[in-house]
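Every number for a ligand or one of its atoms is a count from 1 in the order of the listing. Numbering of residues begins at 1 and proceeds along the displayed sequence.
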Amino acid sequence: MSIENILLEIKKRETFLITTHINPEGDAIGSSLALAIALSSIGKKVSLYTSDPVPKVLSFLPHSDMIRQVKVVDERFDAVIVVDCGDLERVGFLRADNIPAEILINIDHHITNTGFGTLNLVTEAVAAAELVYQIIKRLGIPVTPEIAICIYTAVMTETGSFRYSNTNRDTFRMAEEMVGFGVNPWEVAEHIYNRNSMGRIRLLGQILANLDVSDNGKIAWVIVREQMYQDTGSTKEDVEDVINFPRSIEGVEVAVLFRESNHNWKISLRSNGRVDVSALALEFGGGGHSMAAGFFIKGPLGDVMKKVITRVEKTLPL
Ligand code: 5GP
C-alpha cells in the first residue's frame with residue numbers, strides 16, 4: 001500500500017483515534033505521540049488511547065499525559081490509526097468487528113504484521129517512528145522539538161541505543177535530523193537509563209540470580225514471577241530490557257524470558273542473528289522481528305519451559 005493513500009485520508013479527515021500495542025515501549029509511545037502532536041498541530045482532533053499506561057520511564061515525553069487508558073471506546077472517529085502493532089488483538093481494546101471509524105490505518109514495521117488495516121503502511125523500517133516521520137514530512141508539518149524528541153526516543157530505544165542489527169545509515173541520519181530539530185541526546189539517555197528505581201535493581205538481582213543456560217551454552221533464559229514484583233518493590237515495567245543479559249553471554253544464540261502475566265506466560269525471544277525468532281513466535285501465535293519476538297502461552301511453568309526450550313533447540317544452527 002502506498003503512503004499516498006494514507007496521506008490523502010489523513011488530509012481529508014478531521015477526527016482521529018491513535019493507538020498502539022499493549023505494554024507499550026519506546027517506539028510505541030514515541031511514534032504515537034509524535035503523530036498525535038503533529039496532527040494536532042495542523043488542527044486535527046486527536047485522541048490517543050492505549051490499553052496499558054505509559055511506562056514511568058517514558059513519562060518525560062511531551063504530552064504523554066494526553067494518553068488515556070481505555071477498555072472500550074464509545075465514541076466514533078473519522079479514522080483509527082494503529083502504530084507499531086503487528087496484529088489488531090495486540091491493541092487490546094479494539095475488535096475487528098467493531099472499529100469505531102470508517103477506516104483503519106495500520107502503520108507498522110513488523111514483518112509478521114497481519115495487514116489488518118483498511119490501509120496498511122507496513123515496511124521493514126527501523127522503527128514505527130521512521131514511518132511516522134515520513135508521514136509527517138510528506139504532510140509538510142514542521143518538526144517541532146516536541147515531535148523530534150518523541151521520534152528520537154523511539155528510534156534510540158528500538159535500536160538499543162544504536163547497537164542492534166536494525167541500525168543503519170538511515171537510522172543515524174534520522175537521529176542527526178532530530179538533534180538538528182532540537183533534541184539533546186544526553187537528556188534522553190538520562191531519562192531512559194539513569195532513572196532506575198531501587199525496586200528495578202533489586203528485581204534485576206533476583207532475576208539474574210536464577211539465570212540458566214542450556215548444556216550446550218546456546219540458549220539462556222530468565223524467569224520473572226509476579227511475586228517478585230512485591231518482594232522487590234518493582235513493577236512489570238521494570239522488566240524492560242532484562243532479556244539482554246542472557247542474550248549477552250558469549251556463545252548464546254537465543255535468549256528467552258519467561259514472564260508470568262495474569263496466570264499466563266508472556267515469552268520474549270531474542271536472537272543473536274543466526275535464528276529467526278519471529279518464525280518461532282508465529283508458530284506459537286505471536287510475532288515480531290527476526291531478532292526480537294514474543295508470544296503468550298498458558299500452562300504450568302515447567303511445561304511451558306519444556307515446550308519453548310525444546311522448540312528453540314530445534315532451530316539452533318549446528
Ligand atoms: P518483547 O519481547 O519486547 O515483548 O517484543 C519483541 C518484539 O516482538 C516486539 O517487536 C513486539 O512487538 C513483538 N511481539 C512480542 N509479543 C508479541 C505477540 O504476542 N504478538 C505479536 N504479534 N508480536 C509480539
Side-chain angles (χ1 to χ4, degrees), residues 19-32 50-52 55 57-58 82-92 94 96 106-117 120 122-131 154-161 163-167 192 207 219-224 235-248 254-262 264-273 275-299 304 307-308 311-312:
T19 187
T20 184
H21 60 79
I22 51 169
N23 299 323
E25 24 60 315
D27 191 21
I29 297 295
S31 54
S32 38
T50 54
S51 286
D52 292 319
V57 69
L58 294 169
V82 180
V83 293
D84 193 36
C85 194
D87 61 59
L88 192 65
E89 290 73 53
R90 264 175 69 73
V91 171
L94 286 181
N106 168 18
I107 300 171
D108 187 37
H109 69 131
H110 293 94
I111 43 169
T112 56
N113 190 289
T114 56
F116 55 82
N120 300 284
V122 180
T123 72
E124 270 200 70
V126 63
E130 182 178 345
L131 304 174
V155 171
M156 190 197 86
T157 53
E158 193 66 13
T159 56
S161 290
R163 287 173 304 154
Y164 298 160
S165 63
N166 54 358
T167 309
I192 301 290
I207 296 171
I219 310 171
W221 60 89
V222 285
I223 299 163
V224 183
T235 69
K236 67 176 185 177
E237 286 172 14
D238 293 315
V239 182
E240 187 66 28
D241 285 341
V242 163
I243 194 169
N244 285 326
F245 285 96
R247 182 195 217 174
S248 71
V254 177
V256 189
L257 163 68
F258 297 90
R259 185 191 325 190
E260 193 177 21
S261 170
N262 300 326
N264 248 332
W265 290 93
K266 166 74 212 290
I267 311 300
S268 288
L269 300 169
R270 297 291 183 272
S271 161
N272 279 329
V275 173
D276 177 357
V277 287
S278 73
L280 227 147
L282 266 181
E283 281 180 31
F284 286 95
H289 309 284
S290 61
M291 291 177 65
F295 58 92
F296 284 90
I297 183 169
K298 282 188 199 303
V304 166
K307 231 183 251 176
V308 175
R311 187 63 198 88
V312 173

Check your understanding: Can you list the residues that meet the side-chain contact (heavy atoms from CB on, under 4.5 Å) rule with E237, with sequence neighbours excluded?
Key -> P55, K56, T235
Practice item. List, ordered by chain and residue number, the protein residues whose closest non-hydrogen atom lies under 4.0 Å from any atom of ligand 1. Key: D87, R90, H110, K266, S268, R270, G286, G287, G288, H289, A292, A293, G294, F295, F296
Review point. Can you tell me if N113 and N106 form a side-chain donor-acceptor pair at under 3.5 Å?
Key: yes
Counting only pairs under 3.5 Å, give me each side-chain donor-acceptor contact of residues 122-130, with atom names and distances, residues two or more places apart or in other chains.
| unit_1 | atom_1 | unit_2 | atom_2 | d |
| --- | --- | --- | --- | --- |
| E130 | OE1 | V126 | N | 3.0 |

Exercise for review: Identify whether NZ of Lys or CZ of Arg in R311 sits under 6.0 Å from the centre of the six-membered ring of F295 and within 45° of that ring's axis.
Suggested key: no
**Study point:** All side-chain hydrogen bond (donor to acceptor under 3.5 Å, both in side chains) counterparts of H289, not counting sequence neighbours
**Key:** H110
Practice item. Would you kindly say whether S278 and D276 are connected by a side-chain donor-acceptor distance under 3.5 Å? Key: yes
